[in-house]
Amino acid sequence: MTSIIRPRLFITFQMSSQFIRSLKRVFDLDYQDIPACLSHEQILSRIRANPPNAILFPATAKIDKEVISAAGDKLKMLAAFSVGYNHIDLKECKKRGIPIGYTPGVLTDTTADSAITLLLATSRRIAEAMRTVRNGEWGTSSDMMWMCGKPLINSTIGIVGLGRIGLAIARRLQPFSIQRILYSGTREKYFDSDKDKKLFKFVQFEELLHESDFVIIACALNEKTANMFNKKAFEQMKNDAILINIARGGIVDQDALYDALKNGQIRAAGLDVTVPEPLPTDHPLLTLENCTIFPHIGSADEYARHQMAQICVDNLLNFFSGKPMVHQLQIDKL
Ligand SMILES: O=C(O)C(=O)CO
């Protein structure tokens, strides 16, 4: 009797049991079945001990050349539990011909919801206001401007990267009686309706910085966008501007941001992403009242995470049965 060799799959994070059950039917699994996060070193040593044919991993796991080389020729496919891919060494994958599955589309709405939550939390000083309730400061000021925030009404919104997520954020902001939306990026978008043609304006990055009351980062992290928000960029922003980053921490120079927030170069910032993640609890940004930081929860709603997991499972099952993946990253087109 010949025994069928099952492909070996390493899952670097804890997944709901229904997805593990589906994968177990086909794969020989090595997976993290407790919530503790694996460090890069732990990921490497597990791969070295038992090289997998595929790895399933979230945006927090760095799949660099070292990891890919550790798996060696056995590695046939990568399954990213994310829409972002800056944590994967694409050059190495291309060189070795390793295809990458990912999860676009299903986290657009939840990420846009998170962006609005973060924008409002930052502009209305929610963390600061909640602290006053706990520490007895509530009711200690008669100032009519106590705990006031920056209004959205009549504001100019600047969106850096009007892709799927950027546009979903823009649509959610429209009912807040904003005045206009400026956007920058690789290309101008075509809008059908006259209303949109009036609302949206494609501008250079510098003009966006100069004109916007709220600047929202929704672009991918790449060589062009890394540290794009640096000292020079903050100097071009309005002193009253609020910066929101729901994309990737590496787009912002955090030292320059700290200075800009501390010196009143800009009014406030809301970050869902930082460098590193998690941000150390003694990081200077955490000492600032005008900086609201979320723990990278952009896609953290139950529906989106289930959809992402299902796409990953389907990508894996399809690939190992010789079918096209549901969503394969087109590395050659990047
Ligand atoms: O999917 C991604 O790229 C994320 O950052 C999830 O929040």
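Counting starts at 1 for both ligands and their atoms, in listed order. Computed from a predicted structure; not experimentally measured.
If you check each of Ser299, Ala304, Gly298 against atom 6 (C) of ligand 1, the one with the closest non-hydrogen atom is Ser299.
Between Asp64 and Lys91 there is no salt bridge, since no side-chain N of the basic residue sits under 4.0 Å from a carboxylate O of the acidic one.
Taking distance alone, with nitrogen or oxygen atoms compared against 3.5 Å, His296 approaches ligand 1 more closely than that limit. Looking at ligand 1, you'll find an N or O of Val83 within less than 3.5 Å of one of its N or O atoms.
Lys238 forms no cation-pi arrangement with Phe214, by the criterion of a distance under 6.0 Å to the ring centre and an angle within 45° of the ring axis.
Annotation: the span from Met144 atom CE to Ser142 atom OG amounts to 11.5 Å, rounded to 0.5 Å. A distance of 10.5 Å separates CD of Gln32 from CD1 of Ile11, quoted to the nearest 0.5 Å.
Heavy-atom minimum distance, Tyr183 versus Arg187: CE1-O, 4.1 Å.
With a 4.0 Å cut-off on non-hydrogen atoms, Leu107 touches ligand 1 through its side chain and not its backbone. Contact annotation for Glu277 and ligand 1: no heavy atom of the residue comes within less than 4.0 Å of the ligand.
Taking every non-hydrogen atom of Ser82 and a distance limit under 4.0 Å, the qualifying atoms of ligand 1 come out as 1 (O), 2 (C), 3 (O). Remark: ligand 1 atoms within the under-4.0 Å shell around heavy atoms of Gly84 are 1 (O), 2 (C), 3 (O).
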* Under the ring pair (Phe, Tyr, Trp, His ring centres under 6.0 Å) criterion, do His283 and Tyr258 qualify, and how do the steps go? -> CA-CA 10 Å; His283 194 281; Tyr258 175 83; 7.9 Å; no
